[in-house]
Amino acid sequence: MAGTKQPVSIDLRGRDFLAIADYTPEELQYLIDLAIELKRKQKAGEVYQPLKGKTLGMIFEKASTRTRVSFEVGMYQLGGHALFLSKNDLQIGRGEPIWDTAQVMSRYLDGIMIRTYEHRKVIDLARGATVPVINGLTDRSHPCQALADYQTILEHKGRLRGLKVAYIGDGNNMVHSLMMAAAKLGVDFASASPVGYEPDKGIVESTKEVAGQNGAKLYVGNDPKEAIADADVVYTDVWASMGFEAEQKEREIAFKNFQVNEELTRYAKKDYLFMHCLPAHRGEEVSEGVIDGEHSIIFDQAENRLHAQKAIMAATM
C-alpha cells in the first residue's frame, strides 16, 4: 500500500481539529501517515486501543451516514466508547448557551465531535471546551473528509506533491477544505463553479498565500474544461448541499453545464481518479458512467473516513 511508512511522531495531544488551515503541512502529513498505519493494523487484525476507557460525545445537528458510523466504529476499534447525541437530546436544542454545554460535556467526556450548520458554533464550542473538539462538518468546512480524501489519493497514486486535483461544482464547504489541504500538501488545485456559486473569496485568498509557500498552483474560476485539463483527480459534490434543498430547481439550471460526465473527463489525464464525498445524485452532478466506472474510487474514500478519523482521535485524544 502506498505511503505505508511508520509515521514520524508529532505530539497533537489536546489539539482541536476544526479546519485544515489550523494544521501545518507536516502535521497533516503525519495524520495521513498515521491513518494509513491504523488501516494496516485493522486489516491485519492487530488490536490497537490507545483510547481504552475514553469516551467521545458526538453532537449531530445535521444527519449523516458516513460521519456517524465511521466515528462510532472508529472509537470502538480504538478501545473507547462513543455517544450519539442529536440536537433533541441536548439542552442546546432548547437554547442553552454553547459555552455552558462545552463546559459540562468537558467534565464527562474525553473528546467532542460536532456536525452542524454554522462554523461559528464549532469555534465557540471549542473555546468553551477543555477537551479536543473535532469538526465533523460545518457550512464552511469539512476537514475530516478532506484528510480522508488525500489519504485515498496517496494510496492510489503513491504521492501527493505535484498532482493536480480538479473540483467541478458548488463552491461549498467541501471545496474549501480540499483546496486548503492541497495548498498545504503541495498539490495543484483547480475549481470551476457557476457564476455566483464560487468558493468563499476570503478562503480563496488565504489558500493562494499558503499554496505559494508550498509550491502549489491554484485556479478558481468558472470554466470546467479549463479546471479539469490534465487533472490527476476529478472531484465533485451535490449541487444543493444539506440546508440548500429549497434551491434545488434553481441550482439545476445554474449547474447544467457543470456535470462531470464522459465528455468532460476526456480533458483529464487518461488515468484520472474520480472522487465524490457522497451521497451522490447520479444523473445530476455526475453521470452514472463516471461514478460507477473504472476511474471511480468513491468507496475507497468513504472507507478512509474511518481510518482518517481514527488517526485524528488517536492523535488528539
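Everything quoted here is computed from the prediction, not taken from an experiment.
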Please check this pair: side chain of [X] against backbone of [Y], looking for a donor-acceptor N/O pair closer than 3.5 Å.
{"X": "Ser141", "Y": "Ser177", "value": "no"}
{"X": "Asp89", "Y": "Ser86", "value": "yes"}
{"X": "His81", "Y": "Thr55", "value": "no"}
{"X": "Lys164", "Y": "Ala229", "value": "yes"}
{"X": "Asp230", "Y": "Lys269", "value": "no"}
{"X": "Glu285", "Y": "His281", "value": "yes"}
{"X": "Tyr219", "Y": "Glu226", "value": "no"}
{"X": "Asp16", "Y": "Leu18", "value": "no"}
{"X": "His142", "Y": "Leu137", "value": "no"}
{"X": "Thr207", "Y": "Ile203", "value": "yes"}

Salt bridge (Lys or Arg N to Asp or Glu O under 4.0 Å) contacts in which one or both residues fall within [range], not counting sequence neighbours:
{"range": "residues 62-78", "answer": "Arg68-Glu72"}
{"range": "residues 183-198", "answer": "none"}
{"range": "residues 244-254", "answer": "Asp170-Arg251, Glu247-Arg251"}

Donor-acceptor side-chain pairing of [X] and [Y] below 3.5 angstrom:
{"X": "Thr152", "Y": "Asp149", "value": "no"}
{"X": "Asn304", "Y": "Glu155", "value": "yes"}
{"X": "His156", "Y": "Asp300", "value": "yes"}
{"X": "Arg115", "Y": "Thr67", "value": "yes"}

Ignoring hydrogens, what is the shortest heavy-atom contact between [X] and [Y]? Give both atom names and the distance.
{"X": "Glu262", "Y": "Gly289", "result": "OE2-CA, 3.1 Å"}
{"X": "His307", "Y": "Ala35", "result": "O-CB, 3.5 Å"}
{"X": "Ala166", "Y": "Ala227", "result": "CB-O, 3.4 Å"}
{"X": "Ala102", "Y": "Gly128", "result": "CB-C, 3.5 Å"}

Taking the side chain as every heavy atom from C-beta outward, state whether [X] and [Y] have any pair of such atoms under 4.5 Å apart.
{"X": "Lys157", "Y": "Leu163", "value": "yes"}
{"X": "Thr138", "Y": "Tyr117", "value": "no"}
{"X": "Leu273", "Y": "Asp232", "value": "no"}
{"X": "Thr316", "Y": "Arg13", "value": "no"}
{"X": "Leu31", "Y": "Leu12", "value": "yes"}
{"X": "Gln259", "Y": "Val290", "value": "no"}

- Electrostatic pair Glu37-Lys43, nearest N-O below 4.0 angstrom: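 Answer for the salt bridge query: no.
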- Less than 4.0 Å between a side-chain N and a carboxylate O, is that true for Lys121 and Glu61? yes
Value rounded to 0.5 Å, distance of [atom1] in [X] from [atom2] in [Y]:
{"X": "Leu218", "Y": "Glu205", "atom1": "CG", "atom2": "CD", "result": "9.0 Å"}
{"X": "Lys87", "Y": "Thr116", "atom1": "NZ", "atom2": "OG1", "result": "8.5 Å"}
{"X": "Phe84", "Y": "Phe60", "atom1": "CZ", "atom2": "CZ", "result": "6.0 Å"}
{"X": "Met105", "Y": "Asp100", "atom1": "CE", "atom2": "CG", "result": "13.0 Å"}
{"X": "Ser193", "Y": "Tyr167", "atom1": "OG", "atom2": "OH", "result": "6.5 Å"}
{"X": "Glu27", "Y": "Arg15", "atom1": "CD", "atom2": "CZ", "result": "4.5 Å"}

[X] and [Y]: same hydrophobic cluster, using ILVMFWY side-chain contacts below 4.5 Å?
{"X": "Leu278", "Y": "Phe255", "result": "yes"}
{"X": "Val204", "Y": "Ile20", "result": "yes"}
{"X": "Leu34", "Y": "Ile10", "result": "yes"}
{"X": "Ile153", "Y": "Val187", "result": "yes"}
{"X": "Val238", "Y": "Phe274", "result": "no"}

- Asp139/His119 under side-chain contact (heavy atoms from CB on, under 4.5 Å): CA gap, chis, key distance, verdict: CA-CA 6 Å; Asp139 55 9; His119 192 74; 4.0 Å; yes
- Residue Glu46 excluded, over 12 heavy atoms near CD under 6.0 Å: yes
- Query: Does a sphere of radius 6.0 Å around CD in Gln213 hold more than 12 heavy atoms from other residues, nucleotides or ligands, not counting ones at 6.0 Å or beyond?
  - Reply: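 Yes.
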- Message: Pair Tyr272, His295 - check ring pair (Phe, Tyr, Trp, His ring centres under 6.0 Å), show working.
- Response: CA-CA 6 Å; Tyr272 81 92; His295 297 276; 4.1 Å; yes
- Task: Could you go through the ring pair (Phe, Tyr, Trp, His ring centres under 6.0 Å) check for Phe17 and Tyr23 one step at a time?
- Result: CA-CA 8 Å; Phe17 191 77; Tyr23 278 66; 5.1 Å; yes
- Which of these passes side-chain contact (heavy atoms from CB on, under 4.5 Å) with Asp237: Asn172, Ile168, Val286, Val175? Asn172
- Test Asn261 against Glu263 for side-chain hydrogen bond (donor to acceptor under 3.5 Å, both in side chains), laying out the working first. CA-CA 5 Å; Asn261 52 35; Glu263 181 181 354; 5.2 Å; no
- Item | side-chain contact (heavy atoms from CB on, under 4.5 Å) evaluation trace for Arg282 with Asp292 | CA-CA 9 Å; Arg282 287 166 171 78; Asp292 297 320; 2.9 Å; yes
- Message: If you apply the rule side-chain hydrogen bond (donor to acceptor under 3.5 Å, both in side chains), what do you find for Gln248 with Glu284, and how did you get there?
- Response: CA-CA 11 Å; Gln248 178 66 32; Glu284 287 187 19; 3.1 Å; yes
